[in-house]
Amino acid sequence: MAEESILSIEKLRLSYGELEVLKGVDFDLAKSELAFLIGPSGSGKSSLLRCCNRLEEPSAGRVIVDGEEVTAPGVNLNQLRRRIGMVFQSFNLYPHLTALGNVTLALRKVLKKSRVEADDIACSVLERVGLKDKAGSYPNALSGGQQQRVAIARALALEPAIMLFDEPTSALDPELVNDVLAVMRELRETGMTMLVVSHEMGFARSAADRVAFMEDGVIVEQGSAEQIFGDPNCDRTRAFVRQIAH
Amino acid sequence: MEQLIQQFFNVDLMIEAAPLLLQGLGTTLLLCLAVVPLGLAGGLGVALAGTSRMRWLRIATMVFVDFFRAIPPLVLLIFVYSGLPFAGVQLDPFSAVCIAFLLNNSAYYGEIFRAGIESIGGGQRLAARSTGLSAWQSMRYVVLPQATRNVLPDLMSNTVEVVKLTSLASVVSLQELLYSADMARSITYNASPIVLAALMYLALLWPMIRLVARFERRLGASAGI
Amino acid sequence: MSAWERFLDTFFNWAVITEYLPALGQGVLVTCQLAVAVVLTGLALGLGMALLRAYRFWAVNFVIVIFVDILRALPPLVLILILYFGLPNIGVTFSGFTVVWLVLSLVLAAFAEEIYWAGVLSVDQGQWLAARSTGLGFGQALIFVVLPQAMRMTIPPITNRTIAITKYTAIGMVVGVGEVLGQATTAQSFSGNASPLMAGALIYVALFLPLVVLSRWIEKRFAWRRA
């Protein structure tokens, strides 16, 4: 691949005691690429994402993000993590802070920006996700879709090199899904590198450069959305795709 | 260091005082056997009155509960023991403690039972009534059993508090564990007998506290990364 | 004298109450000082221990758990008597006030530690994940994200426990602290009349009833608000 690689995962393993969740995963993501990660629950997709910023501690292998090895001992993990945006299935907004407070916390505490500066950045990012007028609202006053967009803004404000999405729409009511997908589409158009765990096939077809199918701790196959959803090489992929298509 | 052991952990003195303290421990246990059931029964009554459909009864109960939660148990005890005689009501220490703690503990147990009853949704009562149970029967056989189970950890930790409170009886010269220990202390001029009493309280209450902690942990979660 | 008059004369004798009012006022002052000191020290110490416990140093946590269990299992009066009568024998003399303050602070700290720690545990794991994913350190995530939520949840139990332990300051009379109950019992034995004791009891009700009512309100306000 000629293009600059933003994320590269090499022979990554993760175990919980006896149980091996990731069994040697290799994966590369080029700049501005959007990859989908699909697979049955328990296949290790979320664990793979969490290994990328070491919220889970891999037992072996390497992860390199934007030229820096995340898995190196003694690395400044907190400075690296803020370069890796993460969006969670259940939003995980801080309920005691407003939308603005959610976005500014890391700006102020990790990037040490002044309150004024942080507020400025947060406002413009909230505007980008279409929620400028909700800056003063607490999470419990926002719809699920709005909460997830605030969560995206929270990650985006830190100017990440890559964004990781862990089933960002699966906790949402169907009518709210599109708001979130629209924001993700906009991100893609501005060239954000994204790794998305999700089963939104329509979105994958129209936006993903690549789809990878994961099962039982390994990536079974990957290819274009057309190929994986239309004509997968592997029977297990075919069976899974048929399942989620219904 | 040696002096510290001599003054607080003097085994010889402890052994010497042990019979007296064991006698006191017996009285403490007897007191618990009187005070805990009284408090539970009183508390149940308070809770039933506090969740009654009659507004005036609920308000009266709330006033009762708040009054006795506001007044320190020791103040109540001393009032019953040494204030009432002025009105011609002379009580022995044991009865005085029982009466004072009945009032105090009913308020606390009552609040716990009430929270338990309120934690049971109206659906349970409706279901019970729909099968023909009377209001009292649905309370007795459907709501209360679930309510009690829901607040069991709270009931237990309040019972620990009640047992600890019995030590206040020493102030009105009831010869329970702490009184006996303090008597031994004043004879020997040494704190070891009270330390022995502390160990006895620990032996009595620590298992209970661990049990409550285990109950609560079952409802708890994990934390931190 | 009718029975009613005799009752009034025994429990609400104004002449007696007025005579001992200055002493009772002094007692109120001492009770309040003791209460404030206990609440400040106890809650601060309890919170400190809960925060320390979050770091999960095995040895530290072991000590904290033992400390908490012991102070929960022992009647405070036992500790007060041990310190008040035992310490002078090894050359350390604390006033009754200091001993009561010390013991009740430690007891409150033990309960508060347990409540705060339960609060920290009850905060959703996703909050830690989100905070750490944005680059906040463990301590920052604890202080800025987890603790505020934990504190909110623990307000009702902390309030109730604090009131219960503050009421316990009446025990000061046993070791010669001139708080309300001490003054009232002294006055009662000097005057041979129960009115000062009645006045003392009413003073406690006046001091604590507002707090009890407040705790009731707090319980309503905070108990069912879990997002």
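The chains referred to below are lettered A, B, ... by the order of the sequence lines, with proteins before strands, and numbering in each begins at 1.
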Exercise. Between C:Leu71 and B:Lys164, which heavy-atom pair has the shortest distance, and what is it?
Worked result: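 Distance-wise, the nearest heavy atoms are O-NZ, 4.2 Å.
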Exercise. Taking all atoms of both residues into account, what is the closest heavy-atom pair of C:Leu74 and B:Ala198, and its distance?
Worked result: CD2-O, 3.2 Å
Part of [X] within contact of chain C (heavy atom distance under 4.5 Å):
{"X": "B:Val160", "value": "side chain"}
{"X": "B:Gln7", "value": "side chain"}
{"X": "B:Met208", "value": "neither"}
{"X": "B:Ile209", "value": "side chain"}
{"X": "B:Glu111", "value": "side chain"}
{"X": "B:Ser82", "value": "both"}
{"X": "B:Asp66", "value": "both"}

Non-hydrogen side-chain atoms of [X] and [Y] separated by less than 4.5 Å:
{"X": "C:Leu181", "Y": "B:Pro72", "value": "no"}
{"X": "B:Leu178", "Y": "C:Pro75", "value": "no"}
{"X": "B:Val65", "Y": "C:Arg216", "value": "yes"}
{"X": "B:Leu168", "Y": "C:Tyr168", "value": "yes"}

Heavy-atom cut-off 4.5 Å, strictly under: side chain, backbone, both or neither for [X] against chain B?
{"X": "C:Ser215", "answer": "side chain"}
{"X": "C:Met173", "answer": "side chain"}
{"X": "C:Val174", "answer": "side chain"}
{"X": "C:Ala54", "answer": "neither"}
{"X": "C:Ser189", "answer": "neither"}
{"X": "C:Phe111", "answer": "side chain"}
{"X": "C:Leu79", "answer": "neither"}
{"X": "C:Asn193", "answer": "backbone"}

For this session: Inspect the contact between C:Arg72 and B:Glu161 and indicate whether a charged nitrogen and a carboxylate oxygen are less than 4.0 angstrom apart.
Result: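 Salt bridge: no.
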For this session: Give the member of B:Phe8, B:Phe67, B:Tyr108, B:Phe86 that has the highest number of heavy-atom pairs under 4.5 Å with chain C.
Result: B:Phe86
For this session: Flag the one option from B:Thr166, B:Ile78, B:Leu165, B:Val171 with the top tally of heavy-atom pairs under 4.5 Å to chain C.
Result: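 Option with the greatest count: B:Ile78.
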Can you tell which of [options] has the highest number of heavy-atom pairs within less than 4.5 Å of chain B?
{"options": "C:Asp69, C:Leu209, C:Val205", "result": "C:Asp69"}
{"options": "C:Ser195, C:Gly192, C:Pro76", "result": "C:Gly192"}
{"options": "C:Phe208, C:Phe7, C:Tyr55", "result": "C:Phe208"}

Exercise. Counting distance only, does the side-chain N/O of B:Gln3 pair as donor-acceptor with the main-chain N or O of C:Asn89 below 3.5 Å?
Worked result: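 Yes: the side chain of B:Gln3 pairs with the backbone of C:Asn89.
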Problem set entry | Rounded distance [0.5 Å steps], CG in C:Leu197 versus OH in B:Tyr81 |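 Here the interatomic distance stands at 13.5 Å.
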Seminar exercise, completed: One should read off an interatomic distance between B:Leu84 CG and C:Thr10 OG1, to the nearest 0.5 angstrom, of 11.0 Å
For this session: Before giving the answer on side-chain contact (heavy atoms from CB on, under 4.5 Å), spell out for B:Tyr201 and C:Ile70 the whole-Å C-alpha distance, their side-chain angles and the decisive distance to 0.1 Å.
Result: CA-CA 10 Å; B:Tyr201 279 113; C:Ile70 290 180; over 6 Å; no
